[in-house]
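Single-structure report; data block below.
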Amino acid sequence: LRRVTAVLYLNEEWQPQDGGELILYPFPYPKVVVPPVAGTVALFASAYVAHRTKPARKERFCVTTWMSSNYRRSPPQSQAIPFHRLTRPLRDVLIDKDTRRLLSQACLSDDWVESIK
């Protein structure tokens, strides 16, 4: 199971009109846009953070690596949701990876539609 993704961008002359930004959706928090500028490193929990890359209008370079593990555990609890006040069945549903992915897609539907155009 892929746990962490690390991306190092190598684009010295990148301009905003060049595209190719990494978009992270750390549900339930706002999306994060990472421009592919040389020296920028994006590090995120790929098992729990939905993500995509916008189309690039020119060649773009990066080095990507993944850290994987077969060990399975519950995802970390979010500070934004008071899990200690929820009933156990509801808490179990909300921290389930697949449920979080579906909820994030529903809440971010405009971005998801844009990503498949």
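- For Lys54, there are no salt bridge (Lys or Arg N to Asp or Glu O under 4.0 Å) partners at least two apart in sequence or on another chain.
- For Gly20 against Pro36, the heavy-atom pair with the smallest separation is O-CG, 3.6 Å.
- Hydrophobic cluster membership of Val37, counting Ile, Leu, Val, Met, Phe, Trp and Tyr whose side-chain heavy atoms lie under 4.5 Å apart directly or via other members: Trp14.
- Looking at Asn11, its side chain never comes within 3.5 Å of a backbone N or O of Arg60 through a donor-acceptor pair.
- Among residues at least two apart or in separate chains, there is no salt bridge (Lys or Arg N to Asp or Glu O under 4.0 Å) pair with a member in residues 36-51.
- In the hydrophobic clustering (ILVMFWY side chains linked at under 4.5 Å, chained through shared members), Leu43 is joined by Val4, Met67.
- Counting non-hydrogen atoms of other residues, nucleotides and ligands closer than 6.0 Å to CD of Gln17 gives a total above 12.
- Val32 shares a hydrophobic cluster with Val7, Tyr9, Leu22, Leu24, Val34, Phe44, Val49; the chain of contacts runs through ILVMFWY side chains whose heavy atoms sit under 4.5 Å apart.
- Separation of atoms NZ (Lys31) and CD1 (Ile23) is listed at 6.0 Å; rounding is to 0.5 Å.
- Val63 shares a hydrophobic cluster with Leu8, Leu10, Val41, Phe61; the chain of contacts runs through ILVMFWY side chains whose heavy atoms sit under 4.5 Å apart.
- Of all non-hydrogen atoms in Glu13 and Lys58, the two that sit nearest each other are O-NZ, 3.5 Å.
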